*Asks:* 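Got a structure for you, written out below as C-alpha cells; questions coming shortly.
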Amino acid sequence: MAKPISVAILISGSGSNLQAIIDAQLAINIVAVISDNPDAYGLTRAKQAGLSAISLDYQTFSDKKQYNQALFNTLRELNPDLVVLSGYMRIVPDEIVDFFNGKMINIHPSLLPKHPGLHTYEKALQQGDTQHGTSIHFVTNVLDGGPLIAQQRLDILPTDTVDSLKARTQQLEHQLFPQVIEWFAQHRLRLENNQVLFDGKPLQLLGFRD
Ligand code: GRF
C-alpha cells in the first residue's frame, strides 16, 4: 500500500473542521496542528487526538514578518505533502504560498467568488442572497481567489440569522473538507498550470455525494 501523505493543519480558533478531519479517520498522517493563537480550542482538540499541537503565538513576535518567518521555518521543517488552512485567520505570505504551490488548500464559508474575506454570513444576509455555502480551493496569492475544488450550497431561509446560517454551513463543511482531503491523499486531485485536475481531467466543481 502507498505511504499515506503527511498533512499540516493550520488553525486559529475552534477547530470544528479539524475535528471533522480527525473523526473521518482518513488514511493520512497529520504531522502537526499549528495555531497562531495559543488559546485556540483546536489545539486542545489536537492534543486530545494525540497529535502534535504547535502554538506559534502571534503576539510574542515583534512583527508580522518575524511571525511569518517562524511559520515558514516550522512548515519547511515538517515538509508536509499538504498544508490545510482550516479556519486559519491570517493571510499566508507569498513566499509560503509559492513554496507550497499545489499543496495548500483553504476552506472558506461562502460560495466563492462571492464574498471573499470576512463576515460572509452577514454579507449574504444583508445582500438578500437566496443561497449560501462553502468553498474549498487551492491557495494562491489572491486572497480567497485560488482555483476552486469543491462547493456545497444551501438555501437561505427567511428565518435565518448569522448563527443559524453559520451552523448549517459548517455542517456542510464538516462533510466536504474531509472528502476533499481524502481525494488529495488518494492523488486524485492536483493543480497543474493553475488548473485543477481530478483523475487527470479538468475538474467539474465537486461536491460530496448526496
Ligand atoms: C470555517 O467556517 C471556515 O470556513 C473558515 O473558518 C471557520 C473555521 O471554523 N475559514 P472552525 O475553527 O473549523 O470551527
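As the structure lists them, so they are numbered: ligands from 1, and atoms in each ligand from 1. If you're wondering where the values come from, they're calculated on a predicted model, not measured in any experiment. Numbering of residues begins at 1 and proceeds along the displayed sequence.
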*Asks:* For the CG atom on L143, are there more than 12 heavy atoms of other groups (residues, nucleotides or ligands in this structure) within a distance under 6.0 Å?
*Replies:* yes

*Asks:* Quick check: does S86 get an N/O under 3.5 Å from an N/O on ligand 1?
*Replies:* no

*Asks:* Does the plane of the ring in F198 sit parallel, tilted or perpendicular to the ring in W183? Use 30° and 60° as the thresholds.
*Replies:* perpendicular

*Asks:* Would R90 and Y58 count as a cation-pi pair here, with the cationic atom under 6.0 angstrom from the ring centre and within 45° of the axis?
*Replies:* yes

*Asks:* Give the residue and atom name of whichever protein heavy atom lies nearest to atom 9 (O) of ligand 1, and the separation in Å to one decimal.
*Replies:* Q170 NE2, 3.4 Å

*Asks:* Any idea which of S35, G15, G87, S12 brings a heavy atom closest to atom 8 (C) of ligand 1?
*Replies:* G87

*Asks:* To which protein heavy atom is atom 4 (O) of ligand 1 closest, and what is the distance rounded to 0.1 Å?
*Replies:* E173 OE2, 2.5 Å

*Asks:* Determine yes or no for a side-chain-to-main-chain donor-acceptor pair under 3.5 angstrom, with S12 supplying the side chain and M89 the backbone.
*Replies:* yes

*Asks:* Quick check: N17 and ligand 1, any N/O pair under 3.5 Å apart?
*Replies:* yes

*Asks:* Please confirm whether G42 approaches ligand 1 to less than 4.0 Å, judged on its heavy atoms.
*Replies:* no

*Asks:* Does A70 offer a backbone N or O that forms a donor-acceptor pair with the side chain of T74 under 3.5 Å?
*Replies:* yes

*Asks:* Can you tell me the protein heavy atom closest to atom 10 (N) of ligand 1 and the distance?
*Replies:* I107 O, 2.9 Å

*Asks:* Find the distance between CD1 (I5) and CD1 (I28) and round it off to the nearest 0.5 Å.
*Replies:* 6.5 Å

*Asks:* Within the 4.0 Å heavy-atom shell around S16, which atoms of ligand 1 are there?
*Replies:* 11 (P), 12 (O), 13 (O), 14 (O)

